[in-house]
Asks: 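Take a look at the following structure, please.
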Amino acid sequence: MDVHRRNVNAVVRSDPSGESSKMKIQKQDSQSQSLYLTNAVFFGLFFSVAYFLLHRWREKIRTSTPLHVLTLSEVVAVISLIASVIYLMAFFGIGFILHPFAASRAVHYDEEDESDIPKNVGTCLVGVAPELPSLPQKISKEKVAPPPAQLSLEDEDIVQAVVSGSIPSYSLESKLGDCRRAAAIRHEAVQRVTGKSLEGLPMEGFDYDSILGQCCEMPIGFIQIPVGVAGPLLLDGNEFTVPMATTEGCLVASTNRGCKAINLSGGASAVVLRDGMTRAPVVRFNSAKRASQLKFFLEDPQNFDSLAVTFNKSSRFARLQNIKATIAGKNLYIRFTCSTGDAMGMNMVSKGVQNVLDFLQTDFPDMDVIGISGNFCSDKKAAAVNWIEGRGKSVVCEAVIKEEVVKKVLKTSVEALVELNMLKNLTGSAMAGALGGFNAHASNIVSAIYLATGQDPAQNVESSHCITMMEAVNDGKDLHISVTMPSIEVGTVGGGTQLASQSACLNLLGVKGASKESPGSNSRQLATIVAGSVLAGELSLMSAIAAGQLVKSHMKYNRSSRDVTKIAS
């Protein structure tokens, strides 16, 4: 409205005749009212058809109906939506175009008098587009003192409000609408509240918008973890350069040596044995007998189809595979297993489980749902159920290492490796009461690849379950080595995989995003790469121990020769 008044005043000043000016004003008032009415119509059309389409598509997803199959009403709604978008973009887009143009004009005329610049009067934009912003005044450098910590005066006020508690730190993103600015203000506020310096924790160079609502809350910066590469790893006839994010010296070098030994011996091969994510809610009844009735109902093959239909409505990719239930008194733990496409799938399976629980409430109204997860899943904990039944991707990977490669590259012998593996990885782990820990250092490689590719690092716990086997073959000359990993939990979409750095590492492996041709194949490929890399790491570390080189190599590669006292000063 203010824009309209300014343009009307400009018209009055440009035309000295009273009658002409009044007619123009009345005409512009009429045009302005028509314009407001038209805008209101198209705004209403846009939001109404958008709501209608979202509601329809939601129903289609629930009923597993293809989204591209449209009814007549949906076709009309799509056309109306497109028409309203085109109109609104054409109308409001003028202002967006003019702003950068005005900014560039301001730069060129910085040294000129503002009165020399022609005004935007009497053009076709009168009553439609805002006036060009006035040119900035020259500011004396002596009058402006830089605020502390390079914050603007406005940001300084916000920092003080966060420190005093009048503005919650968690609300900065929503209040400011600028994720990077919110992180910078929070960074400074944390320093003032704690009295501790955050020097060395970088702020610049990170896309804070990319983590909003999905990866990390209340960010104050980001940490730097170096990424190395091992390989090429020859796996199933394909070569992979494996990214590993770690701060441990020797790890990448050792894995790289294992890859070399595998390559020189003809490569490794891997098989995905199972592929299914799990979630296990816990429900309670008034009696153990009643709990057992639900257990029998869930495990009855005749009921599986109806349960699967209910479960599968949660996603296009979620497909229920099996249900297993176990009782503890009057409490029932129900372990659902389903495929999840290229996603790791925890949220996907949880939604499916919720659908089934709601469905069961009709026939079992006395069922009390205690928790969507009852730890029988079992997520981020060492558990025998994962070791035996598997979770995520269950993979076995093997290779035959030639005798000359064992001697020349690994600097040891087949006999020494077989004996060490039996006494260390098998007997030693059994003596320690290990659960899934019958290996040398599988978690080292799993953690490094998980950090590099945006996986959930906490799932390293069950994903590192591994048994390493070695035996002499071909009349005792060559070494057969294998790793069996029953619960590798990985995905190539969702979570941290969408961040720029992690996405680049997935792209390096050729498994970025979801596979359109074969849903789930990218995540399965990533699981085999993890297992193949673990195989290389096991081979190299065991060889270093057998050859007595472990301490020497770590002293060489895992100890800095820099003068730490000078760095600190």
Side-chain angles (χ1 to χ4, degrees), residues 202 204-216 222-247 251-253 255-256 258-260 262-263 267-268 270 272 275 277 316-317 340-348 392-393 395 397 444-460 463 485 488-537:
E204 301 298 330
F206 187 80
D207 181 9
Y208 293 94
D209 290 329
S210 66
I211 64 173
L212 183 64
Q214 65 174 357
C215 288
C216 179
F222 64 98
I223 62 170
Q224 298 164 315
I225 302 178
V227 177
V229 290
L233 170 67
L234 183 57
L235 180 65
D236 294 323
N238 299 311
E239 289 188 346
F240 299 95
T241 300
V242 184
M244 302 174 67
T246 181
T247 56
L251 180 60
V252 178
T255 307
N256 190 64
C259 289
K260 180 180 179 181
I262 292 172
N263 283 12
V272 177
D275 181 6
M277 182 49 65
R316 290 181 298 154
F317 303 104
T340 57
D342 282 306
M344 184 270 289
M346 284 298 301
N347 293 333
M348 194 182 299
K393 277 72 174 170
V395 183
C397 185
N444 248 339
I445 289 86
V446 172
S447 294
I449 298 177
Y450 273 28
L451 289 173
T453 58
Q455 310 305 311
D456 188 338
Q459 290 184 324
N460 164 70
S463 295
M485 306 179 70
I488 299 178
E489 298 166 354
V490 292
T492 57
V493 295
T497 66
Q498 300 175 98
L499 301 180
S501 301
Q502 290 82 345
S503 180
C505 290
L506 288 170
N507 188 56
L508 177 64
L509 293 171
V511 295
K512 177 182 175 181
S515 172
K516 296 181 180 179
E517 295 78 16
S518 178
S521 61
N522 279 353
S523 60
R524 287 192 291 271
Q525 180 72 80
L526 179 57
T528 62
I529 293 172
V530 171
S533 301
V534 168
L535 183 74

Asks: Looking only at heavy atoms, which two atoms of Ser463 and Tyr450 are closest? And how far apart?
Replies: OG-OH, 2.8 Å
Asks: Ring pair (Phe, Tyr, Trp, His ring centres under 6.0 Å) with Tyr208: which residues, sequence neighbours excluded?
Replies: Phe206
Asks: With a 4.5 Å heavy-atom cut-off, do Lys512 and Ser503 have their side chains touching?
Replies: yes
Asks: Can you check whether Ala514's main-chain N or O pairs, donor with acceptor, with Asp342's side chain at less than 3.5 Å?
Replies: no
Asks: Is there a side-chain contact between Glu489 and Met346 (heavy atoms, below 4.5 Å)?
Replies: no
Asks: Please confirm whether the backbone N or O of Gly513 pairs with a side-chain atom of Asn522, one donor and one acceptor, at under 3.5 Å?
Replies: yes
Asks: Closest heavy-atom contact between Leu251 and Ala448?
Replies: CD2-CB, 4.2 Å
Asks: Just so I know, are the side chains of Met348 and Met277 near enough to count as touching, which here means a heavy-atom distance under 4.5 Å?
Replies: no
Asks: With sequence neighbours excluded, give me every salt bridge (charged side-chain N to carboxylate O under 4.0 Å, His left out) pair touching residues 520-533.
Replies: Asp275-Arg524
Asks: Rounded to the nearest 0.5 Å, what's the gap from OG on Ser501 to CG on Asp207? Could you check?
Replies: 10.5 Å
Asks: Let me know which of Asn507, Leu508, Leu509 forms a side-chain contact (heavy atoms from CB on, under 4.5 Å) with Val511.
Replies: Leu509
Asks: Does any non-hydrogen side-chain atom of Cys397 lie less than 4.5 Å from one of Val534?
Replies: no
Asks: Are the side chains of Val395 and Val530 in contact, using a 4.5 Å heavy-atom criterion?
Replies: no
Asks: Donor-acceptor pairs are to be reported for all side-chain atoms of residues 222-239 against protein atoms at under 3.5 Å, with residues two or more places apart or in another chain.
Replies:
unit_1, atom_1, unit_2, atom_2, d
Asp236, OD1, Ala270, N, 3.1

Asks: Check the pair Leu526 / Leu506 against side-chain contact (heavy atoms from CB on, under 4.5 Å), numbers first and verdict last.
Replies: CA-CA 9 Å; Leu526 179 57; Leu506 288 170; 4.1 Å; yes
Asks: Rounded to the nearest 0.5 Å, what separation is found between the CG atom of Asn460 and the CD1 atom of Ile449?
Replies: 11.0 Å
Asks: On a heavy-atom basis, which atom in Ala268 and which in Leu535 lie closest, and how many Å separate them?
Replies: CB-CD2, 3.8 Å
Asks: Dump the intermediate steps for side-chain contact (heavy atoms from CB on, under 4.5 Å) on Ser447 and Thr246, then the final yes or no.
Replies: CA-CA 8 Å; Ser447 294; Thr246 181; over 6 Å; no
Asks: Kindly give the heavy-atom pair with the smallest separation between Phe317 and Pro519, and that separation in Å.
Replies: CE2-CB, 3.9 Å
Asks: So which heavy atom on Lys393 is nearest to which on Val272, and how close?
Replies: CG-CG1, 4.4 Å
Asks: Do Ile445 and Met244 have side-chain heavy atoms sitting under 4.5 Å apart?
Replies: yes
Asks: Can you find a pair of side-chain heavy atoms, one from Ser523 and one from Met344, that are under 4.5 Å apart?
Replies: no
Asks: Give, for atom SG of Cys259 and atom CZ of Phe240, the distance between the pair rounded to the nearest 0.5 Å.
Replies: 11.5 Å
Asks: Between Gln502 and Leu451, is there a side-chain heavy-atom distance shorter than 4.5 Å?
Replies: no
Asks: Would you please say whether a donor-acceptor pair under 3.5 Å links the side chains of Ser515 and Ser521?
Replies: yes
Asks: Using modelled atom types and a 3.5 Å cut-off, is there a donor and acceptor pairing between side-chain atoms of Gln214 and backbone atoms of Leu212?
Replies: no
Asks: Indicate yes or no for a side-chain donor-acceptor contact from Gln498 to the backbone of Ser210 under 3.5 Å, with no hydrogens or angles considered.
Replies: no
Asks: For Ala527 versus Ile488, what's the shortest heavy-atom pair and its separation?
Replies: O-CD1, 3.7 Å
